[in-house]
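Note that these values count all heavy atoms, side chains included, but never hydrogens, waters or copies made by symmetry. One-based numbering along the sequence shown.
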Amino acid sequence: MTRSMESFLAEPRVATLTTLRPDGSPHVVAVRFTWDGGMARVLTVAASRKARNLVRGGRAALCQVDGFRWVTLEGTATVSDDPRRVAEAARRYLRRYGSPPPAPPGRVVIEIAVDRTMTLNT
């Protein structure tokens, strides 16, 4: 990954998260996320469609866009309710966005082990 891609991903922006529903159709939602150079994390609740799509594993894609600049991160995704992993995701969220994330009951973290990146103008 280039330095300019890493710099772009360090900007506290919103991204889209794409997962696949059980029927194979895409589910795309706007999310806040964190990135540490190999792992992307998204906080959500276990009952959300995005978490339910990934509870048995699978792949996910995050795409951060700013005009004609974008980076897509793809990889194998897991969903965890482990308190340490959720807390780590919340700590990273606070550092990235400058405010604590929501903490609803049933909060989980989607962790995406990124193995593919695509980019334009970054």
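Ion pairing between a basic and an acidic side chain is recognised when a charged N comes within 4.0 Å of a carboxylate O; Arg69 and Glu11 show such pairing. A salt bridge does not link Glu88 with Arg85: every distance from a Lys NZ or Arg NE/NH1/NH2 to an Asp or Glu carboxylate oxygen is 4.0 Å or more.
When each of Leu54, Val55, Thr19 is paired with Ile110, the side chain to side chain contact (heavy atoms under 4.5 Å, CB included) condition holds for Leu54 and for no other.
Under a hydrophobic-cluster definition in which Ile, Leu, Val, Met, Phe, Trp and Tyr are linked whenever side-chain heavy atoms come within less than 4.5 Å, directly or via other members, Val31 and Val45 are assigned to different clusters. Hydrophobic clustering, with ILVMFWY side chains joined whenever heavy atoms are under 4.5 angstrom apart, keeps Leu20 apart from Val79. Note on Val71 and Val29: same hydrophobic cluster, where clusters join Ile, Leu, Val, Met, Phe, Trp and Tyr whose side-chain heavy atoms are under 4.5 Å apart, directly or indirectly.
Between the side chain of Arg96 and the backbone N or O of Thr34, no donor-acceptor pair lies under 3.5 Å. Under the 3.5 Å distance criterion, the side-chain polar atoms of Thr122 are left unmatched by any main-chain donor or acceptor of Thr119. In this structure, the side chain of Asn121 engages the main chain of Phe68 through a donor-acceptor pair within 3.5 Å.
When the salt bridge (charged side-chain N to carboxylate O under 4.0 Å, His left out) test is applied to Arg56, no partner is found at least two apart in sequence or on another chain. With sequence neighbours excluded, no residue satisfies salt bridge (charged side-chain N to carboxylate O under 4.0 Å, His left out) with Asp23. In terms of the salt bridge (charged side-chain N to carboxylate O under 4.0 Å, His left out) criterion, residue partners of Asp36 (sequence neighbours excluded) are, by chain and number, Arg41, Arg92. Residues forming a ring-ring contact (aromatic ring centres under 6.0 Å, His included) with Tyr93 (at least two apart in sequence, or on another chain): Tyr97. Annotation: salt bridge (charged side-chain N to carboxylate O under 4.0 Å, His left out) contacts of Arg21 (sequence neighbours excluded): none.
Of all the heavy atoms in Ala40 and Leu73, the pair that sits closest is CB-CD1, 4.5 Å. Summarising the geometry of Ala61 relative to Glu74, their closest heavy-atom pair is CB-CG, 3.8 Å, with the distance given to 0.1 Å. Here the closest heavy-atom approach between residue Thr44 and residue Ala51 is recorded as CG2-CB, 4.1 Å. Residues Val86 and Ser80 come closest through the heavy atom pair CG2-O, 3.7 Å. Closest heavy-atom contact between Leu94 and Pro100: CD1-N, 3.5 Å. For the pair Leu62 and Ala15, the tightest heavy-atom approach, listed with the atom from each and the gap, is CD2-CB, 4.0 Å.
Here Val65 sits in one hydrophobic cluster together with Trp70, Met118, Leu120; the rule is ILVMFWY side chains under 4.5 Å apart, joined directly or through other members.
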### Task
Quick one: do Ile112 and Met39 satisfy side-chain contact (heavy atoms from CB on, under 4.5 Å)? Show the steps, please.
CA-CA 6 Å; Ile112 304 167; Met39 178 76 67; 5.5 Å; no

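Distance CZ/Arg49 to CG/Leu17: 13.0 Å, rounded to 0.5 Å. For the atom pair NE2 of His27 and CG of Asn53, the computed distance is 6.0 Å after rounding to the nearest 0.5 Å.
Side-chain contact check for Gln64 and Trp35: no donor-acceptor pair (N or O, by modelled atom type) lies under 3.5 Å.
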